[in-house]
Amino acid sequence: MNSIDLIEIRKALICLLSIVVVCLPLSAATADDTGAPDVLFIVVDDMNDWISLLDPKAPINTPNLERLAKRGMLFSRAYCASPACNPSRVAALTGLRPTTTGVYGNKTDWRGAVPYRKTIMQNFIAAGYDVRGAGKIFHHHLDGAFHDDDSFQDFQHLHPQQYPPQKLNGAPEYGSRNTDWGHWPNRVEDSIDYHTASYCVRALSGPPGERPMFLACGIYKPHSPFFAPAEYHRAYDEIGLPARKPDDWHDLPLGAASLMRKTKWFWQGMINVEKNREGSYQDFVRAYAACTSFADVQIGRVLDALDNSPRRDNTIVILWSDHGFHLGEKDHIEKFALWEKSNHIPFIVVAPGVTKPGSRCDRPVDMTALYPTLLALCGLPTDAKCDGHNLMPLLRDPNAKWDRPALMTYRRCNHAVRSARWRYIRYEDGSEELYDHDADPNEWYNLADDERYSGVIASHKKWLPTTEAKQSPDLKRRRPKTEAGR
Ligand SMILES: [Ca+2]
Ligand SMILES: [Ca+2]
């Protein structure tokens with residue numbers, strides 16, 4: 001038999017196998033027969049790095065995140081792909097950077113920008129998984145419009161955001177109801193995150209079905225409004241304030257001032273509030289800490305359910321935050337910046353049989369890696385066009401060779417490159433910042449104009465994107481409801 005015959009026979013066998021797989025019920029093709037792992041996919045909103053998970057000296061306690069990390073690998077230098085909900089989540093859930101999709105803003109119509117790109121959830125649906133979940137997975141505005149997508153056909157309906165009857169922070173001149181903070185609600189059962197966690201607890205508590213499960217858990221806190229029941233605030237009575245340097249902005253380039261123009265008022269407003277009502281700034285910081293603890297506790301309920309489930313030892317758990325948050329560091333409150341605090345995130349991967357319990361990886365990674373990594377972990381086909389890089393070598397060996405830095409983009413043509421030691425930022429106008437994290441973890445001293453660092457800048461600049469997609473249009477109207485009604 002010659003080699004052409006062999007190729008033809010192989011083709012015929014593959015064809016026959018494809019027909020058999022297509023004709024089989026999904027459960028027979030994938031689930032118990034193959035021992036496919038379940039996936040618990042947890043995403044939190046705006047959780048920064050001032051947490052005990054990432055820094056034992058940090059004041060915000062995250063014991064449940066720490067116990068999760070003990071089961072797998074903690075990435076100590078993980079970064080979002082973009083410091084805003086929509087572009088960050090789209091990049092993580094599609095594996096495509098903003099510079100590829102044109103999704104740069106919170107209002108960009110991501111599905112319009114990449115109509116045929118399968119999300120992580122759609123890949124798992126195609127592989128026969130039971131894909132469901134609750135809470136915030138993609139960003140949404142216009143009453144959940146961004147969720148009108150095949151990815152969410154079996155998800156719980158989003159609970160609408162609720163507010164107390166009036167603002168609570170005592171500063172009527174500061175922001176809107178959406179930037180408010182205070183003690184609310186009285187009962188944890190009245191929060192969206194409680195319901196999201198309860199949905200996941202129920203899903204994990206049931207007997208395993210015929211198909212493997214992909215369970216998504218989208219926790220809203222600590223995103224604004226910074227509401228949590230009173231006891232969560234009281235736990236941080238003694239919390240201090242983040243480190244700041246007077247006149248920190250004096251060495252920033254014009255590009256930074258231009259990018260930050262729209263969000264400057266948050267910090268300036270906070271200074272004014274503090275002048276009128278001393279202690280308001282600390283109340284605000286306390287409220288953010290309270291909301292972070294609240295998120296941690298709800299995640300703990302989900303982990304308890306996993307621990308009590310027969311799925312426990314065959315479930316891949318991913319936990320990540322869509323970006324970080326500034327609490328006044330660098331005279332900035334909000335995300336929407338290319339500095340460390342807005343981009344550095346908690347990221348944990350528990351992959352039974354792959355990650356070593358309690359391991360830690362210090363290599364810089366960004367969340368475009370989620371897509372190829374998760375598909376590879378579950379043996380699903382990956383797409384060659386993906387911008388992210390598979391983290392499997394690092395999951396197996398946290399010290400494996402890894403030359404690649406993390407790359408972040410905020411609005412078109414503004415990027416940050418983060419290596420193990422340096423953060424290099426280049427703005428749309430070409431102006432730059434460079435920070436040495438070994439000597440200056442607060443990013444107070446911009447070294448970009450110092451000739452001695454031209455080699456460092458060159459070695460980081462080469463990682464900047466070479467093409468930048470045009471900004472895709474915003475979603476102006478709610479998409480028509482799908483049959484699933486999301
Ligand atoms: Ca967010
Ligand atoms: Ca400075």
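Whatever order the structure lists them in is the order used to number ligands and atoms, beginning at 1.
For the residue pair S293 / Y236, a side-chain donor-acceptor distance below 3.5 Å is found, with atom types taken as modelled. Residues Q298 and T196 have side chains that never bring a donor and an acceptor to within less than 3.5 angstrom of each other.
Among the backbone and side-chain atoms of D247, none of the N, O or S atoms lies under 3.0 Å from the Ca ion (ligand 2). Residue D251: an N/O/S atom is found under 3.0 Å from the Ca ion (ligand 2). Taking backbone and side-chain atoms together, W249 has no N/O/S atom less than 3.0 Å away from the Ca ion (ligand 2).
Seen from the Ca ion (ligand 1), atom OD1 of D45 and atom OD2 of D322 lie 80° apart in angle, a value rounded to 10°. H323 contributes NE2 and C85 contributes SG; the angle these two atoms make at the Ca ion (ligand 1) is 100°, rounded to 10°.
V417 is not listed as a side-chain neighbour of S419, based on a closest heavy-atom distance of 4.5 Å or more.
The atom name of the N/O/S atom in D46 closest to the Ca ion (ligand 1) is OD1.
Ion pair E428/R411 not flagged as a salt bridge, since none of the NZ, NE, NH1 or NH2 atoms sits closer than 4.0 Å to an Asp/Glu carboxylate oxygen.
Here the rule is salt bridge (charged side-chain N to carboxylate O under 4.0 Å, His left out) with E443, and of K341, R423, K330 only R423 fits it.
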